[in-house]
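Below: one structure, written as structure tokens.
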Amino acid sequence: MPELPEVEVVRRGLDQWVSGRTIAKAEVLHPRAIRRHLPGAAEFAARLEGREVRAAERRGKYLWLPLGDGRDALMAHLGMSGQLLVTDSASPVEKHLRVRLSFTDGGPELRFVDQRTFGHLLVTEMVDLARPVPAPIVHIAPDPLEESFDDEDFTRRLRARHTEVKRALLDQSLISGVGNIYADEALWRAGLHWARPTERLTRPKIGELLRGVREVMADALDQGGTSFDSLYVNVNGESGYFDRSLAVYGRRDLPCGRCGTPVVREPFMNRSSYSCPRCQVRPRGRS
DNA sequence: GTTCCGTCCTGACGGC
DNA sequence: TGCCGTCAGGACGGAA
């Protein structure tokens, strides 16, 4: 599924193939794909048609294309299965095509394809903060790859929480862009068990955790950015074109890359947490 | 105010 | 072979 590094690759692809072009027509093929655009499909299309697309931006897993003078934008979240494809208008329609944008230059169109429709698109006003962001995501914290991410502020707010460290990592209002996979990988790099209470984490340990988050994302981005010239391979949110070299995620019973101990899978928030029972010791009194 | 949990969705997969 | 249950999981709304 698309995580922050994949979304960044999509952003770069959109920048290359879509920015600077003018939208001719917008078609909504599945209403759920624009469910957060409350005025509906007709208004969605009207807000887009005839508008010029500016440079693509991203915060966490949200992407947006500012329109015209930049006071509004087309915003996208890919969810778990969403893809933004830049493709020739004559190419066959994908089974799960949800939204389709064509351009006045007659060049390749932009398609939003999403099997499970957890993703969505909307047109929204921008809010002029220190960095302008789409209105629906003003409550989202900066992601750890943004310049405006404040390590000191994160440390203070994390220690003020009374919860498990992984829950906090997945809380978008504290730090954005970290999903289940990279949370597990970053915790493994920092030698932290996912159930460790946030209020007892030391400053150096939080420093290690942030370093783990940034390194695992940077590694993925390095790998994803290597073959960046093919239209079809890169402007999408497909998992699998990153050879993520995961250390623990999805590796139940396989040896930990550091100590060889078999990785364990534990239920967590109706999903899974993977960790090394030796490198990431479970806090006492928590089972 | 903070924390937690159910819900949305479709396809792959395993068990019977 | 085919049916059914389970799992995957980001974000949000509402309950505790």
Side-chain angles (χ1 to χ4, degrees), chain A residues 1-8 10-11 28-38 58-64 75-84 94-99 112-122 124 133-144 154 156-187 194-201 213 216-217 220 237-240 242 244 246 248-253 263-275 286:
Chain A
M1 98 221 44
E3 295 249 5
L4 188 149
E6 289 86 342
V7 176
E8 172 58 18
V10 174
R11 188 200 67 76
V28 177
L29 293 99
H30 194 305
R32 191 174 146 76
I34 59 146
R35 64 194 175 283
R36 295 190 188 279
H37 188 90
L38 300 180
R58 181 189 59 74
R59 164 166 282 180
K61 297 180 201 173
Y62 287 93
L63 280 169
W64 64 92
M75 189 183 87
H77 192 290
L78 301 177
M80 296 175 57
S81 52
Q83 296 172 276
L84 282 165
E94 293 78 4
K95 184 177 176 191
H96 301 293
L97 178 62
R98 308 306 190 193
V99 177
F112 179 61
V113 176
D114 190 2
Q115 176 204 104
R116 290 163 68 182
T117 62
F118 269 38
H120 65 274
L121 302 183
L122 57 79
T124 175
V133 293
I137 63 163
V138 290
H139 64 291
I140 300 283
D143 69 59
F154 171 76
R156 190 177 47 74
R157 295 176 62 207
L158 182 68
R159 296 177 76 190
R161 292 289 173 103
H162 298 276
T163 188
E164 296 162 343
V165 62
K166 184 170 170 181
R167 283 182 190 274
L169 274 184
L170 298 177
D171 184 338
Q172 300 292 298
S173 67
L174 194 60
I175 179 171
S176 68
V178 182
N180 200 42
I181 296 173
Y182 291 154
D184 279 2
E185 293 295 310
L187 288 164
W194 54 267
R196 283 279 291 274
T198 48
E199 66 270 25
R200 294 216 291 271
L201 292 175
V213 170
V216 73
M217 287 179 172
E238 216 169 63
S239 63
F242 280 173
R244 281 205 193 97
L246 299 174
V248 283
Y249 185 84
R251 291 175 49 83
R252 173 156 63 166
D253 296 334
V263 166
V264 298
R265 173 194 175 275
E266 296 167 287
F268 169 81
M269 293 171 77
N270 285 329
R271 48 206 62 157
S272 299
S273 265
Y274 296 89
S275 60
R286 308 219 166 196

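In what follows, chains are A, B, ... by sequence order, proteins preceding strands, each numbered from 1.
Within the 4.5 Å cutoff, side-chain heavy atoms of A:Lys166 are placed close to those of A:Ser273. Side chains of A:Val248 and A:Glu185 form a contact here, defined as non-hydrogen atoms less than 4.5 Å apart. The closest side-chain heavy-atom distance from A:Asp184 to A:Phe268 is not below 4.5 Å. Using a 4.5 Å cut-off on side-chain heavy atoms (C-beta onward), A:Phe154 and A:Pro144 make no contact.
Atom CZ of A:Arg59 and atom C1' of C:dG10 are 17 Å apart (whole Å). To the nearest angstrom, C1' of C:dG10 lies 15 Å from OH of A:Tyr182. Rounded to whole Å, the distance from CG on A:Leu170 to P on B:dC4 is 12 Å. When rounded to the nearest whole Å, the span between CE of A:Met269 and P of C:dC7 equals 16 Å. When rounded to the nearest whole Å, the span between CE of A:Met80 and C1' of C:dA8 equals 5 Å. Distance, A:Leu63 CG to C:dG10 P: 16 Å, rounded to whole Å.
Both the sub-6.0 Å distance and the 45° axial angle are not jointly satisfied by A:Arg59 relative to the ring of A:Tyr62.
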Exercise. If the sugar-phosphate is the primed atoms plus P, OP1 and OP2 and the base is the rest, what is the B/S/- string for nucleotides 7-12 of chain B, using protein heavy atoms under 4.0 Å?
Worked result: -BBBS-
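Toward the 5′ end of DNA chain C lies the nearest nucleotide of A:Tyr274, the other residue of the pair A:Tyr274 and A:Val178 mapping further downstream.
The heavy-atom pair separating A:Gly82 from A:Phe112 by the smallest distance is CA-CE1, 4.3 Å. In terms of heavy-atom proximity, A:Gly60 sits nearest to A:Val7 at O-CG1, 4.3 Å.
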N/O to N/O distances under 3.5 Å, protein versus nucleotides 1-3 of chain B:
| residue | atom | partner | partner atom | Å |
| --- | --- | --- | --- | --- |
| B:dT3 | OP1 | A:His162 | N | 2.6 |
| B:dT3 | OP2 | A:Arg161 | NE | 3.4 |

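The pair A:Lys61-A:Asp143 does not meet the salt-bridge criterion, since no charged nitrogen lies less than 4.0 angstrom from a carboxylate oxygen. We find that A:Asp114 and A:Arg32 are not joined by a salt bridge, their nearest charged nitrogen and carboxylate oxygen being 4.0 Å or further apart.
A:Arg35 comes within 4.0 angstrom of nothing in the nucleic acid, heavy atoms only. Note on A:Phe268: nothing from the nucleic acid sits closer than 4.0 angstrom, heavy atoms only.
Neither OP1 nor OP2 of C:dA11 sits under 4.0 Å from any side-chain N or O of A:His120.
Taking the side chain of A:Ser272 as heavy atoms from C-beta on, and the options C:dC12, C:dG10, C:dA8, the nearest nucleotide is C:dA8.
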